[in-house]
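Notes to accompany the following structure.
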Amino acid sequence: MISLTTAGADSPVHLLFICSRNKWRSRTAEELYRNFPGYIARSAGTEPGSRQRVTEGLLGWADLIIVMEAKHRDYLREKFPEAIAGKRLVCLRIADDFSYNDPELIELLKANLSPHIPVPE
């Protein structure tokens, strides 16, 4: 499990979930962590037309960046090398095969996140 330290002991950990269009996978992950103690989650997409497009500011805000596929990690490395330098980045390897809040997606998110951070029940 990744140990994250933030500015203060009582500061929440900032999670940034990233997928392609920020409509299904990353948005579901953000929702999963809504009101989960100790965490604040946001989500973004890498493609034009995303509900929320990933920005340097969002990457700077994040303590942990979690991408759904290797192509998202590669995009960040190419477009925002300075913004992600020194950041913890996790790739969940979850394909774009699910709809928003799909129960199977939620279970897969929990399973793939559990080695890295606590997951909601």
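The first residue in the sequence is number 1, and the count goes up from there.
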Measuring from [X]:[atom1] to [Y]:[atom2], what's the distance to the nearest 0.5 Å?
X: Ser26; Y: Leu109; atom1: OG; atom2: CG; value: 9.5 Å
X: Lys23; Y: Glu47; atom1: NZ; atom2: CD; value: 9.5 Å
X: Leu16; Y: Ile40; atom1: CG; atom2: CD1; value: 12.5 Å
X: Ile94; Y: Leu113; atom1: CD1; atom2: CG; value: 7.0 Å
X: Glu78; Y: Ile84; atom1: CD; atom2: CD1; value: 11.0 Å
X: Leu64; Y: Ile117; atom1: CG; atom2: CD1; value: 6.0 Å

query = Given the rule in the side chain to side chain contact (heavy atoms under 4.5 Å, CB included) test, do Ile18 and Leu58 qualify, once you have shown the distances and angles that lead to the verdict?
reply = CA-CA 11 Å; Ile18 297 174; Leu58 277 173; over 6 Å; no
Would you say [X] and [Y] are hydrophobically clustered, going by side-chain heavy atoms of ILVMFWY under 4.5 Å?
X: Val54; Y: Leu89; answer: yes
X: Leu108; Y: Val67; answer: no
X: Leu76; Y: Ile66; answer: no
X: Tyr39; Y: Met68; answer: yes

Closest contact, heavy atoms only, [X] versus [Y]:
X: Trp61; Y: Arg42; value: CH2-CG, 3.6 Å
X: Leu105; Y: Ser99; value: CD2-O, 3.8 Å
X: Arg53; Y: Ala44; value: C-CB, 4.0 Å
X: Pro12; Y: Asp63; value: O-OD2, 3.9 Å
X: Lys87; Y: Gly60; value: NZ-O, 3.0 Å
X: Pro118; Y: Tyr33; value: O-OH, 2.7 Å

query = Are the side chain of Asn112 and the backbone of Leu92 linked by a donor-acceptor contact shorter than 3.5 Å?
reply = yes
task = Kindly determine whether Leu15 and Phe36 satisfy side chain to side chain contact (heavy atoms under 4.5 Å, CB included), including the steps that lead there.
result = CA-CA 11 Å; Leu15 304 175; Phe36 188 62; over 6 Å; no
ask   = Who passes ring pair (Phe, Tyr, Trp, His ring centres under 6.0 Å) against Phe98, sequence neighbours left out?
value = none
Side chain proximity check, Thr28 to Asp102, heavy atoms < 4.5 angstrom = no
Mind checking what makes salt bridge (Lys or Arg N to Asp or Glu O under 4.0 Å) contact with [X], not counting sequence neighbours?
X: Arg51; result: Glu30
X: Glu31; result: Arg34
X: Asp96; result: Arg25

note = Sorted by chain and residue number, the side chain to side chain contact (heavy atoms under 4.5 Å, CB included) partners of Lys110 (sequence neighbours excluded) come out as Leu32, Ile106, Glu107, Val119
query = Would you find more than 12 non-hydrogen atoms of other residues, nucleotides or ligands less than 6.0 Å from Arg93 atom CZ?
reply = no
inquiry  = Suppose the criterion is ring-ring contact (aromatic ring centres under 6.0 Å, His included): which pairs have a residue in residues 65-86, not counting sequence neighbours?
reply    = none
